[in-house]
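The block underneath contains the structure these notes are about, expressed in structure tokens.
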Protein chains: 2
Amino acid sequence: MAGRITAVSIVDAIAADLRARIFSGDLGSGHTLTETDVASTYEVARPTAKASIEKLVAEGLLDRGTHKTARVVELGPDSVRDIYLARAYLESEVLRRLARTKDVPEGAVQANRDIAALQTGAPLDVIEPDMRFHTSLIDAVGNERISRMYRSLVGEVKLCMVRIQSLHLLDTALIQAEHQRILELIEAGQGDAAAELLDEHLGRARERLVSAMGGTAGPEADLPSDLLPE
Amino acid sequence: MAGRITAVSIVDAIAADLRARIFSGDLGSGHTLTETDVASTYEVARPTAKASIEKLVAEGLLDRGTHKTARVVELGPDSVRDIYLARAYLESEVLRRLARTKDVPEGAVQANRDIAALQTGAPLDVIEPDMRFHTSLIDAVGNERISRMYRSLVGEVKLCMVRIQSLHLLDTALIQAEHQRILELIEAGQGDAAAELLDEHLGRARERLVSAMGGTAGPEADLPSDLLPE
DNA sequence: CGCCCTTCGATTGTCTAACAAGTACACATG
DNA sequence: CATGTGTACTTGTTAGACAATCGAAGGGCG
């Protein structure tokens, strides 16, 4: 018997499936989810569907007011800035602390190798190893709550990504090179420099994401002068 | 009739009341909360009580496994270290960023004035302005998600505090002096120094809290040599 | 006499059915 | 055209019920 993976709770299973469908883009931003709708598609009672929805609301993936239908959250440019700034706050401090002990997480190294190995032109293939690079750094400090917080942010980032999907915002080679440089700075114990580079790294991604969503990009979207082609 | 507290949702109201009772120490660590129990005390149906409990579980104030009764979380020494380290991660980076713009939040200044004005010997009176000092710093960066994360940590800190209540772990004057120094360092644009002092400040509180809970305190519990009396 | 197994009570997970209350949108009216 | 009304849809909450599971108490066996 290898098939017993039933997550012991129906509402957890439904919540997990809904989450997957949201991240896959099956349920796009603004998509409405009525309780009866969820109940009928999964063939469960309405209270069960309700509980699943409320779970995702608590996670920040769904939005809902009293007596109003739940909808997949719509993240605007200001939300993207909020999310990416929060990422920068958590991650830059993590880099400083890792640099103190010159601790280069193996998972991050491997994730960046995977990015380098990518030859496919599919732009969303870089998302997974990219996220893995960053979460590996976060997890390396071994703090349960920090990891949980960051994971919540990653969920929202993925939510942004599915909206953009088609166009690739950044050059894979540049991402990989900057990651590599960050790891080197950690190994050299230069936390401040690593944090500064990360700020640039995330700031550029952030502003390009913002402009791709229709907002007006800030100056961070541009490459630094010493990296401009030609 | 002034007692109708029905905010908008019964489950929110019950959750809020349970939260208050937990923070007041009325429901101590390890206290069990059965669904029928909550349902009968608030005179609501069991599903409503269940929803309230699950809300607090999502907040991290209650703990429960499948088919097991919910209990108020019991935070051990390792959890305290995890929480305070997470605080330090968030807050030290915030100090660095505030120092860049030399932005000294008025709320933090006021909170520290309130600490200085305390003449009462009641040890738990310092908790409120102390927390307000720290949350003012966090809120000053204007990031919704960072503020939310920190508030979640504050909830857990308060949970620790109610367990210790009686004995005062630190001198009020020392707390106030260190807060003052942190603000001065922000104003001087010395983010690194501010972050370093904060690490000491939180580290000392953390290790004293740990030892008060029966764990073995680390070296951070001691005062730095230049502040030792005599 | 102590240990393992069974049984039983308590508790939670889930369902069905139903009513109340609120929202949103179409429709009729001025 | 603006406004009020009403109706359908959706959610909030309740009641009662049954199955599954967990924890502890009690009995059988070595």
Side-chain angles (χ1 to χ4, degrees), chain A residues 1 3-22 26-74, chain B residues 1 3-22 26-74:
Chain A
M1 41 131 74
R4 295 293 294 185
I5 6 172
T6 37
V8 293
S9 163
I10 296 185
V11 346
D12 285 350
I14 294 179
D17 193 65
L18 286 177
R19 202 178 306 134
R21 285 174 62 190
I22 291 173
D26 186 9
L27 301 175
S29 267
H31 194 287
T32 64
L33 279 174
T34 78
E35 297 183 355
T36 57
D37 221 12
V38 174
S40 62
T41 58
Y42 291 98
E43 294 178 349
V44 294
R46 188 163 70 91
T48 307
K50 179 188 186 66
S52 306
I53 289 176
E54 278 169 355
K55 207 170 167 69
L56 295 186
V57 169
E59 283 182 32
L61 267 52
L62 294 184
D63 195 12
R64 120 195 282 189
T66 49
H67 285 115
K68 280 190 289 187
T69 304
R71 9 172 44 92
V72 180
V73 292
E74 304 187 67
Chain B
M1 40 137 68
R4 297 296 293 183
I5 354 170
T6 31
V8 274
S9 161
I10 294 185
V11 344
D12 285 349
I14 294 179
D17 192 64
L18 286 177
R19 203 179 304 134
R21 286 174 62 190
I22 291 173
D26 186 10
L27 302 175
S29 265
H31 194 286
T32 64
L33 278 174
T34 76
E35 297 183 355
T36 57
D37 224 11
V38 174
S40 62
T41 59
Y42 292 98
E43 295 178 347
V44 293
R46 188 163 72 91
T48 306
K50 180 189 185 66
S52 305
I53 290 176
E54 278 169 355
K55 205 170 167 73
L56 294 186
V57 169
E59 283 181 32
L61 266 53
L62 294 183
D63 195 12
R64 119 193 282 188
T66 49
H67 288 284
K68 279 189 291 187
T69 303
R71 13 172 40 95
V72 180
V73 291
E74 304 187 66

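As the structure is a prediction and not an experimental result, all values here were calculated from the model. Order of the sequence lines sets the chain letters (A, B, ...), proteins ahead of strands, with each chain counted from 1.
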(message) List the residues meeting salt bridge (charged side-chain N to carboxylate O under 4.0 Å, His left out) with B:Arg21, not counting sequence neighbours, and say none if there are none.
(response) B:Asp26
(message) Tell me which residues in residues 57-69 of chain B lie within less than 4.0 Å of DNA chain C, going by non-hydrogen atoms.
(response) B:Arg64, B:His67, B:Lys68, B:Thr69
(request) Verify, without hydrogens or angle tests, whether A:Thr69 (side chain) and A:Leu33 (backbone) share a donor-acceptor contact under 3.5 angstrom. (result) no
(message) So, using side chain to side chain donor-acceptor pair (under 3.5 Å) as the criterion, who are the partners of A:Thr32 when residues are at least two apart?
(response) none
(request) Return each pair, listed once, that meets salt bridge (charged side-chain N to carboxylate O under 4.0 Å, His left out) where at least one residue sits in residues 36-45 of chain A; pairs must be two or more places apart or across chains. (result) none
(message) I need the residues from residues 42-56 of chain B with at least one non-hydrogen atom less than 4.0 Å from DNA chain C; give them sorted by number, or say none.
(response) B:Arg46, B:Lys50
(message) Checking A:Thr41 now: which residues fulfil side chain to side chain donor-acceptor pair (under 3.5 Å) with it, not counting sequence neighbours?
(response) none
(message) Considering only residues two or more places apart or on different chains, which pairs with a residue in residues 46-55 of chain B satisfy side chain to side chain donor-acceptor pair (under 3.5 Å)?
(response) B:Asp12-B:Lys55, B:Glu35-B:Arg46, B:Glu35-B:Lys50
(message) Minimum heavy-atom separation for B:Ala39 and B:Ala49, please, with both atom names.
(response) N-CB, 3.6 Å
(request) Let me know which of B:Asp63, B:Val73, B:Leu18 forms a side-chain contact (heavy atoms from CB on, under 4.5 Å) with B:Leu56. (result) B:Leu18
(request) Could you list the residues that satisfy side chain to side chain donor-acceptor pair (under 3.5 Å) with A:Thr66, not counting sequence neighbours? (result) none
(message) Students should find this one: the first and last nucleotides of DNA chain D, 5' to 3', lying under 4.0 Å from a heavy atom of chain A. What are they?
(response) D:dT10 to D:dT13
(request) Not counting sequence neighbours, which residues clear salt bridge (charged side-chain N to carboxylate O under 4.0 Å, His left out) with B:Glu59? List them please. (result) B:Arg19
(message) Given a 3.5 Å cut-off on both pairing distances, which stems involving DNA chain D, each at least three consecutive Watson-Crick or G-U pairs, are present, if any?
(response) C:1-30 with D:1-30
(request) Could you list the residues that satisfy side chain to side chain donor-acceptor pair (under 3.5 Å) with A:Ser40, not counting sequence neighbours? (result) none
(message) Less than 4.5 Å apart, side chain to side chain, heavy atoms only: is that true for A:Leu62 and A:Ile22?
(response) yes
